[in-house]
2 protein chains.
Amino acid sequence: MDDERTWSIAELADEYGVTLRTIRFYEEQGLLTPARDGTRRIFADGDRVRLGLVLRGKRLGFPLDEIKKIIGMYDAEPGEVGQLRYLLDQIEHRRAELEQRRRDIDATLSDLAELERRCRADLNRLTG
Amino acid sequence: MDDERTWSIAELADEYGVTLRTIRFYEEQGLLTPARDGTRRIFADGDRVRLGLVLRGKRLGFPLDEIKKIIGMYDAEPGEVGQLRYLLDQIEHRRAELEQRRRDIDATLSDLAELERRCRADLNRLTG
DNA sequence: CCCGTACTTGACGTTTACGTTAACGTAAGT
DNA sequence: ACTTACGTTAACGTAAACGTCAAGTACGGG
C-alpha cells in the first residue's frame with residue numbers, strides 16, 4: 001500500500017471543516033508547508049496530520065504562534081545536548097500549562113454539575 | 001464576622017494580576033457590575049467571585065461573550081419551566097464542549113509524554 | 001473558442017480584548 | 001498651596017485570525 005495519496009486544498013478544507021482562506025493563512029504563518037505543482041498546493045499525509053494538530057491546539061484556545069512552537073517541538077531534529085535540555089524544559093512548561101487548563105475544566109464541569117442539580121430540583125418542584 | 005469587606009479597582013486588579021483597564025472593560029461588557037461611591041467603583045465579594053470566573057473562562061480560551069453567557073447561567077432566576085429546560089440544554093452543550101477540550105488536552109499530554117521519552121532516550125545516547 | 005470550476009495572489013475589512021494617551025477630579029500628606 | 005496617589009471618562013491604537021472581495025491563471029468539456 002502506498003500512502004502517497006495527496007489532497008487538494010479544497011479536499012482538506014472540506015474534511016476538517018475550515019475555509020480555504022484559513023488553510024492559506026496557516027501556510028502564510030508557517031504552520032503548514034504543502035508542496036506545489038506549479039502554483040497549486042499539494043498536501044501530503046504529513047500536512048494533514050499537522051493541520052489536525054493545529055486545529056486541536058485551536059480548540060484548546062492556544063494562539064497560532066504558540067501552536068507553531070508546540071508543533072515545532074514534535075519534529076525538531078535530535079540535535080545537540082543543549083537543544084535537548086531546552087526542549088525537555090519546554091515540554092515541562094507546556095505540560096504544566098495543560099494541567100492548569102484541565103483543573104479549570106474540572107472546576108467548571110463541577111460548577112455546571114451543581115447548577116444542573118439545582119435546575120432539576122426546581123424543575124421537579126414546578127412539574128413534579 | 002461581616003463579609004461586608006469591599007475592594008477598590010486597584011486591589012482587585014492587583015490580586016488577580018490584571019490591569020485596571022481590563023476590569024473597566026469587563027464592566028463595560030457587562031461581565032462585572034460593581035457598586036459606586038460617587039464615580040468610584042466599589043467591589044463586593046460577589047464581584048470578586050465573578051472576576052475569578054471570568055479569568056477561568058479566559059484561561060479556557062472562551063471569548064468574553066461566551067463567558068458572559070456561562071456566568072449568566074449561574075445566577076439566573078429559577079424562572080419558568082421553559083427557561084429551566086433551556087438552561088439545562090445550555091448546560092449540556094457547555095459540558096460537551098468542555099469534555100471535548102479535555103480529550104484534546106489528554107491527547108496533547110500523551111503526545112508530549114511520547115516526545116519526552118524520545119528526548120530522554122536521545123539524551124542518554126549522547127551523554128550516557 | 002468559450003464556459004465553468006478550481007485554484008492563485010494581493011489587499012483591505014472586521015472582530016475581540018484590551019493598551020495607551022489625554023484630560024481631569026478628589027483626598028491625603030507636608 | 002503644592003505634590004503625590006489613586007481614581008475617572010473618552011477616544012484612538014493595535015494584534016490576532018481570519019472574512020471578503022478583486023483580478024488573474026489553469027484546465028477539461030462541449
Side-chain angles (χ1 to χ4, degrees), chain A residues 5-44 47-48 50-72 94 97 101 104 108, chain B residues 5-44 47-48 50-72 94 97 100-101 104:
Chain A
R5 193 190 151 187
T6 61
W7 291 263
S8 75
I9 187 171
E11 286 170 328
L12 230 66
D14 196 65
E15 176 177 353
Y16 283 97
V18 298
T19 67
L20 306 187
R21 179 68 178 96
T22 298
I23 293 184
R24 293 191 188 113
F25 181 72
Y26 289 169
E27 180 183 11
E28 198 179 321
Q29 301 302 308
L31 289 164
L32 300 175
T33 49
R36 296 281 177 150
D37 168 24
T39 78
R40 308 254 168 122
R41 292 168 178 82
I42 306 291
F43 295 85
D47 298 312
R48 286 181 68 237
R50 285 179 73 91
L51 180 53
L53 291 176
V54 171
L55 297 178
R56 195 171 78 188
K58 284 225 64 187
R59 286 195 302 271
L60 292 175
F62 284 107
L64 291 186
D65 63 338
E66 286 289 295
I67 294 174
K68 186 174 175 181
K69 290 177 199 162
I70 296 174
I71 295 181
R94 303 298 168 184
E97 215 169 330
R101 270 162 204 253
D104 285 332
T108 305
Chain B
R5 200 203 141 176
T6 62
W7 291 264
S8 75
I9 188 172
E11 285 170 329
L12 229 67
D14 195 65
E15 176 177 352
Y16 283 97
V18 298
T19 66
L20 306 188
R21 178 71 179 94
T22 298
I23 293 184
R24 294 191 188 111
F25 181 73
Y26 289 169
E27 179 182 11
E28 196 180 322
Q29 300 303 307
L31 290 163
L32 300 175
T33 49
R36 296 281 178 149
D37 169 23
T39 79
R40 307 255 169 120
R41 292 168 179 82
I42 307 289
F43 296 85
D47 298 312
R48 286 180 68 235
R50 286 179 73 93
L51 180 52
L53 290 175
V54 171
L55 296 177
R56 196 170 77 189
K58 283 225 64 188
R59 285 196 302 271
L60 292 176
F62 285 106
L64 292 185
D65 62 339
E66 286 289 298
I67 294 173
K68 186 175 175 181
K69 290 177 199 162
I70 296 175
I71 294 182
R94 304 297 169 186
E97 217 168 326
Q100 171 64 49
R101 270 163 203 248
D104 285 332

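Proteins get letters first, then strands, A, B, ... in listed order; numbering begins at 1 in each.
Heavy-atom contacts of chain A under 4.0 Å fall on DNA chain D between two terminal nucleotides, which in 5' to 3' order are D:dA17 to D:dA26.
Of the charged side-chain nitrogens involved, none lies within less than 4.0 Å of a carboxylate oxygen, so that A:Lys69 and A:Glu97 do not count as a salt-bridged pair.
Here A:Arg21 contributes atom CZ and A:Tyr26 contributes atom OH; the two are 11.0 Å apart, rounded to the nearest 0.5 Å. One finds the CD1 atom of B:Ile67 at 11.0 Å from the CD atom of B:Gln29 (value rounded to the nearest 0.5 Å). Note: B:Leu64 CG to B:Phe25 CZ = 6.0 Å, rounded to the nearest 0.5 Å. Expressed to the nearest 0.5 Å, how far CG of A:Leu31 lies from OG1 of A:Thr22 amounts to 11.5 Å. Once rounded to the nearest 0.5 Å, the distance linking CG of B:Asp37 with CD1 of B:Ile42 reads 5.0 Å.
Contact annotation for B:Arg41: backbone-only contact, meaning every heavy-atom pair under 4.0 Å involves sugar-phosphate atoms and none involves a base. Heavy atoms of B:Tyr26 sit under 4.0 angstrom from primed sugar atoms or phosphate atoms, though from no base atom.
Partner of A:Thr108 under the side chain to side chain donor-acceptor pair (under 3.5 Å) criterion, chosen from B:Arg101, B:Arg94, B:Arg56: B:Arg56. Checked options B:Arg50, B:Arg24, B:Arg48, B:Arg41; the residue passing with B:Leu32 is B:Arg50 (criterion: side chain to side chain contact (heavy atoms under 4.5 Å, CB included)).
Between the C1' atom of C:dA17 and the CD atom of B:Gln29 lies a distance of 8 Å, rounded to the nearest Å. Residue A:Phe25 contributes atom CZ, which lies 16 Å from atom P of C:dA11 at whole-angstrom precision. Distance, A:Leu20 CG to C:dG10 C1': 16 Å, rounded to whole Å. The distance between atom NZ of B:Lys58 and atom P of C:dT16, rounded to the nearest whole Å, is 13 Å. Rounded to whole Å, the distance from CG on A:Leu12 to C1' on C:dC7 is 15 Å. Separating the CH2 atom of A:Trp7 from the C1' atom of C:dC7 is a distance of 19 Å, rounded to the nearest angstrom.
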Identify the pairs formed between an N or O of the protein and an N or O of nucleotides 3-6 of chain C at a distance under 3.5 Å, and give each distance.
none

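A:Arg59 pairs by the salt bridge (Lys or Arg N to Asp or Glu O under 4.0 Å) definition with B:Asp104, not counting sequence neighbours.
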